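Order of the sequence lines fixes the chain letters, A, B, ..., with proteins taken first and strands second; residue numbering starts at 1 for each chain. If you're wondering where the values come from, they're calculated on a predicted model, not measured in any experiment.
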There are 2 protein chains.
Amino acid sequence: MSGKNAYQTFVDYLLSNSQNMTPQRATIVGAFLETEGHFSSEDLYHKVRKTEPGIGQATVYRTLKLLVRSGLADCFDMGEGVTLYEHAYDHPHHDHLICTRCGRKEEIVDETIERRQVELAERSGFTLSRHRMFLYGLCPVCRRKGIKD
Amino acid sequence: MSGKNAYQTFVDYLLSNSQNMTPQRATIVGAFLETEGHFSSEDLYHKVRKTEPGIGQATVYRTLKLLVRSGLADCFDMGEGVTLYEHAYDHPHHDHLICTRCGRKEEIVDETIERRQVELAERSGFTLSRHRMFLYGLCPVCRRKGIKD
DNA sequence: TTAATTGCAAATCGTTTGCTGAAAG
DNA sequence: CTTTCAGCAAACGATTTGCAATTAA
């Protein structure tokens, strides 16, 4: 049902911007909604192609942009040259913990840090609007492997 | 004198990797050392060109890579499609506070946050090796302007 | 002399854009 | 009808790479 609401939110976004729902957009949004975790535009493109081979890559890029603007998706760039997307609808803010060996990503949040960030910003006179935090390290599995190697 | 040591550190790095100091590298490293704040490879390229118009862009890219490996420089990508560099020699870890309007960047650190990050990672079984944190907001100057507008 | 380095231009790669025909309201 | 779309291919912009000529050790 979260899917239903999310989809409707997207349709509403389109309507309120004099933009149309189209078969292609419906397909892409559908694929987006059933994709968990972090993925690139290209990942989604490949997924969509399995169902609708006619869809162009540009359409996926354009639709992902709409998804972000509509609030359904969030995107971030970890500096690897690719933009990653994730669900933002019914999915509160969080940061990322990334394994530098296997690439596994975990979502994390910490109230203390969130609060400190606002204080820190204010101390410099800034009004904080958002932030991005990436923690890099070895995940338990990879650490164990590392010891064996 | 920090400049002297930094330069020597770079030369040592080259020597220990059977790489040579060259006039081009010396020029680029010199320009790098006298550039404060955050800058892109292209920024440095333009600066270097004023002195040595013959230097190629690829050489600047290549030398910046060496500067990072030697520990003189640190680089990060804020997702704007450009890699930014800054001094890392005699310049301890810090995070960034960025004005979303004028782009001004301030360096920040907070012991509480740093400590919490390690704890958070450990709670997930990760061994933290490094992190990146960007706080985005309106700087005091821009906020004031915003009110007037 | 031998390995490392340079500058240039061509190649990459993810992403964006211009364009023309097609479709939505 | 009028505007918004889609698909394609070309354009882009930052960065990398292949290569032949040059230089450092």
Side-chain angles (χ1 to χ4, degrees), chain A residues 10-32 38-70 73-86, chain B residues 10-32 38-70 73-85 103:
Chain A
F10 184 66
V11 174
D12 291 346
Y13 168 81
L14 290 179
L15 290 180
S16 63
N17 283 76
S18 54
Q19 299 198 280
N20 313 319
M21 179 47 95
T22 65
Q24 290 91 333
R25 285 179 182 167
T27 303
I28 295 167
V29 174
F32 165 79
H38 312 102
F39 50 88
S40 65
S41 178
E42 183 132 30
D43 292 336
L44 189 60
Y45 171 61
H46 289 314
K47 182 161 196 169
V48 155
R49 284 221 132 207
K50 289 178 191 161
T51 322
E52 299 288 332
I55 288 186
Q57 203 156 9
T59 305
V60 176
Y61 274 108
R62 291 192 266 235
T63 306
L64 272 169
K65 214 159 241 180
L66 296 176
L67 282 165
V68 170
R69 291 207 199 102
S70 71
D74 188 19
C75 72
F76 57 96
D77 186 327
M78 288 185 22
E80 275 100 46
V82 221
T83 301
L84 295 182
Y85 297 83
E86 63 181 8
Chain B
F10 185 66
V11 174
D12 292 346
Y13 168 81
L14 290 180
L15 291 179
S16 63
N17 284 75
S18 55
Q19 298 197 281
N20 312 319
M21 180 46 96
T22 64
Q24 290 92 332
R25 286 179 180 167
T27 303
I28 294 168
V29 174
F32 165 78
H38 312 103
F39 50 89
S40 66
S41 179
E42 181 132 30
D43 291 338
L44 189 59
Y45 171 62
H46 288 314
K47 182 162 196 170
V48 155
R49 284 222 131 206
K50 290 179 191 160
T51 322
E52 300 287 333
I55 288 184
Q57 203 156 6
T59 305
V60 176
Y61 274 107
R62 291 193 267 235
T63 306
L64 272 170
K65 216 159 239 181
L66 295 176
L67 282 165
V68 170
R69 291 207 199 102
S70 72
D74 188 19
C75 71
F76 57 96
D77 186 326
M78 287 184 23
E80 273 101 47
V82 220
T83 301
L84 295 182
Y85 297 83

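Leu66(B) places a side-chain heavy atom less than 4.5 Å from the side chain of Arg25(B).
You'll find that the side chain of Gln19(A) is closest to dC5(D), out of dC5(D), dA4(C), dA9(D). Here the nucleotide nearest the side chain of Tyr61(B), chosen from dT5(C), dA24(C), dT15(D), is dT15(D). Nearest to the side-chain atoms of Arg62(A) among the listed nucleotides dA6(D), dT4(D), dT6(C) stands dA6(D). Of the candidates dG25(C), dA6(D), dT5(C), dT5(C) carries the atom nearest the Asn20(B) side chain, counting heavy atoms from C-beta on. In the set dA24(D), dA9(D), dT6(C), the nucleotide with an atom closest to the side chain of Pro23(B) is dA24(D).
In this structure, Gln24(A) reaches the dG7(D) phosphate: one of its side-chain N or O atoms is under 4.0 Å from OP1 or OP2. Distances shown here put a side-chain N or O of Lys65(B) below 4.0 Å from the OP1 or OP2 atom of dT16(D). A sub-4.0 Å separation between OP1 or OP2 of dT6(C) and a side-chain N or O of Thr22(B) is present.
Note that the CD atom of Glu86(A) and the CZ atom of Phe32(A) stand 9.0 Å from one another [nearest 0.5 Å]. Residue Asp77(B) holds its CG atom at 9.0 Å from CD of Glu80(A), rounded to the nearest 0.5 Å. One distance of note links CD1 of Ile28(A) with CG of Leu67(A); it measures 8.5 Å at 0.5 Å rounding.
Contact annotation for Arg25(A): backbone-only contact, meaning every heavy-atom pair under 4.0 Å involves sugar-phosphate atoms and none involves a base. In this structure, Ser18(B) reaches the sugar-phosphate backbone alone: every heavy-atom distance under 4.0 Å involves primed, P, OP1 or OP2 atoms, never a base. Residue contacts for Thr83(B): at a heavy-atom cut-off of 4.0 Å it reaches the sugar-phosphate backbone alone, with no base atom in range.
Look at CZ on Arg49(B): it is 11 Å from C1' on dC8(C), rounded to the nearest Å. Atom OH in Tyr45(B) sits about 15 Å away from atom C1' in dT16(D), given to the nearest Å.
Thr63(B) places no side-chain N or O within donor-acceptor distance of the main-chain N or O of Val60(B), the cut-off being under 3.5 Å.
Along DNA chain D, the nucleotide nearest to Ser41(B) and the one nearest to Met21(B) differ in position, and the one closer to the 5' end is contacted by Ser41(B). Between Glu42(B) and Gly54(A), the one whose closest nucleotide on DNA chain D sits nearer the 5' end is Gly54(A).
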